[in-house]
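Beneath this line is the structure, given in structure tokens, with notes to follow.
Both ligands and their constituent atoms are indexed starting at 1 by order of listing.
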Amino acid sequence: MIYDFAIVGGGPAGLTAGIYASRARLKVVLLEKGVPGGQIATTERIENFPGFPDGISGLDFASLLEKQARNFGLEIRNLTEVKALKRVKFGYEIETSDGVIHSKIVLIATGASPTKLGIKGEKEFTGRGVSYCATCDGAFFKEKKVMVVGGGDSAIEEALYLSRIAAEVTVVHRRDQLRATKILQERAFENPKINFIWNSHLIEIKGEEKVKSVVIKNKISGKEREMEIDGVFIYIGLQPNSEWLPEDIRRDERGFIVTDENLMTNWRGVFAAGDVRANQLKQVITAAAEGALAASLAEKFVVG
Ligand code: NAP
């Protein structure tokens, strides 16, 4: 069995590609190492996707997207981790945790994962006070003191979410200005439960069974201080999930996949879409749009 189109990754880019390719009646399969949804399923609320004036929960959005793709007959293989990609005569061979799949065209839509701080205590206390997902773990910190590290959209959005659960949220940022969208900044500055520590880095996370405190260093004065805290949520950016790909698929210095304007990589017939791609905007809407474009280009490639 040779598929026309194999999609690797079941976030908004992969699922949207699946909707378009299924409607084009390509022989298409979507391979997902967990269950469909991607990062969006761990996002508390999406407020900027057009058509949802009251916003929608990330989990609801992900399950609607999956349902829509299945309605058009998309074959989704859950719990199927892709390990390697090889060129063969008719197209590509994809090695997965569940056997080998053959396809004429491949879309890489494996998304991105949270960057780690790489400090002492981070790994040790992950799941014991250190988290990368406020939606998943926020409920453990009811009326407690939590810290959010980072100054981007994710950090501020999740600090706002945590402020509805925790007693106090402290945002630690390495500069004196946030990177997050202005509307999020306005909400955070107005929120009485959120306070900021500027120009500072976390240098250690301490505890016993669970996190008890952090050591913070001010970049300007060089002073270090220890602060008691119950939870640390880290949002300092994203790393592309591209490490499984052959070395000669072109990537930028951070590992994001480089494509041409038609989303094709330097391997003919291998496309990339969404957060794993070196693109300008990492949003649900751009991931979905790239998925749609990749599927329509794949159709042209297969059908001619
Ligand atoms: P991001 O935009 O790359 O922001 C990362 C933040 O972490 C920055 O404030 C950065 O500081 C800081 N940082 C980076 N490395 C650090 C380190 N080693 N130590 C301490 N701080 C560090 O990442 P993100 O917030 O995860 O967002 C990723 C992408 O998804 C972005 O394109 C974002 O717009 C998008 N996103 C959008 C929404 C939305 O539209 N609602 C929600 C979530 C994410 P500097 O500012 O100094 O660089």
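Scanning all protein heavy atoms for the shortest distance to atom 23 (O) of ligand 1 gives G237 CA, 3.3 Å. Here the heavy atom of the protein found nearest to atom 8 (C) of ligand 1 is R179 NE, 3.7 Å. If you check which protein heavy atom lies closest to atom 20 (C) of ligand 1, you get I236 CG2, 3.8 Å. Looking only at heavy atoms of the protein, atom 37 (C) of ligand 1 is closest to Q283 NE2, 3.1 Å. At the shortest separation from atom 42 (C) of ligand 1 among protein heavy atoms lies E157 OE1, 3.4 Å. Ranking protein heavy atoms by distance to atom 35 (C) of ligand 1, first place goes to K282 O, 3.1 Å. In terms of protein heavy-atom proximity, atom 9 (O) of ligand 1 is closest to G151 N, 3.0 Å.
Residue G152 has at least one nitrogen or oxygen atom sitting less than 3.5 Å from a nitrogen or oxygen atom of ligand 1, judged on distance alone.
The six-membered or imidazole ring of F196 lies near that of F189, with a centre-to-centre distance under 6.0 Å.
Note on ligand 1: H173 sits in its first shell, one or more heavy atoms being nearer than 4.0 Å.
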Donor-acceptor pairs are to be reported for all side-chain atoms of residues 280-293 against protein atoms at under 3.5 Å, with residues two or more places apart or in another chain.
residue : atom : partner : partner atom : Å
K282    : NZ   : D275    : O            : 3.3
K282    : NZ   : R277    : O            : 2.8
K282    : NZ   : N279    : OD1          : 2.5
Q283    : OE1  : N48     : ND2          : 2.9
T286    : OG1  : L281    : O            : 2.9
T286    : OG1  : Q283    : N            : 3.1
T286    : OG1  : Q283    : O            : 3.0
E290    : OE1  : G274    : N            : 2.7
E290    : OE1  : R277    : NE           : 3.0
E290    : OE2  : R277    : NE           : 3.4
E290    : OE2  : R277    : NH2          : 3.2
E290    : OE2  : N279    : ND2          : 3.0

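The L117 neighbourhood of ligand 1 comprises atoms 19 (N), with distances under 4.0 Å to a heavy atom of that residue. With ligand atoms numbered from 1 in the order given, ligand 1 contributes 24 (P), 25 (O), 26 (O), 27 (O), 43 (C), 44 (C) to contacts under 4.0 Å with heavy atoms of S154.
A salt bridge is defined here as a Lys NZ or Arg NE, NH1 or NH2 lying under 4.0 Å from an Asp or Glu carboxylate O, and K145 with D230 fails to meet this definition. Look at K182 and E186 and you find no salt bridge, because none of the NZ, NE, NH1 or NH2 atoms lies under 4.0 Å from a carboxylate O. Ion pair K83/E95 not flagged as a salt bridge, since none of the NZ, NE, NH1 or NH2 atoms sits closer than 4.0 Å to an Asp/Glu carboxylate oxygen.
When only modelled atom types and interatomic distance are considered, E75 and Y3 share a side-chain donor-acceptor pair under 3.5 Å. For S113 and Q239, the side-chain atoms include no donor-acceptor pair closer than 3.5 Å.
In this structure, K116 satisfies the cation-pi test against Y132, with its NZ or CZ atom closer than 6.0 Å to the six-membered ring centre and inside 45 degrees of the ring normal.
If you look at R175 next to ligand 1, the close heavy atoms, those under 4.0 Å, all belong to the side chain. By the criterion of a heavy-atom distance under 4.0 Å, both the backbone and the side chain of D153 are placed next to ligand 1. Proximity of N48 to ligand 1, defined as any heavy-atom pair under 4.0 Å, is confined to the side chain (atoms from C-beta onward).
The heavy atom nearest to atom 10 (C) of ligand 1, out of those in Q177, Q280, R174, is found in R174. The heavy atom nearest to atom 28 (C) of ligand 1, out of those in L238, I46, I156, is found in L238.
Between the side chain of S163 and the backbone N or O of K193, no donor-acceptor pair lies under 3.5 Å.
To the nearest 0.5 Å, atoms CD1 (I2) and CZ (F90) are separated by 4.5 Å.
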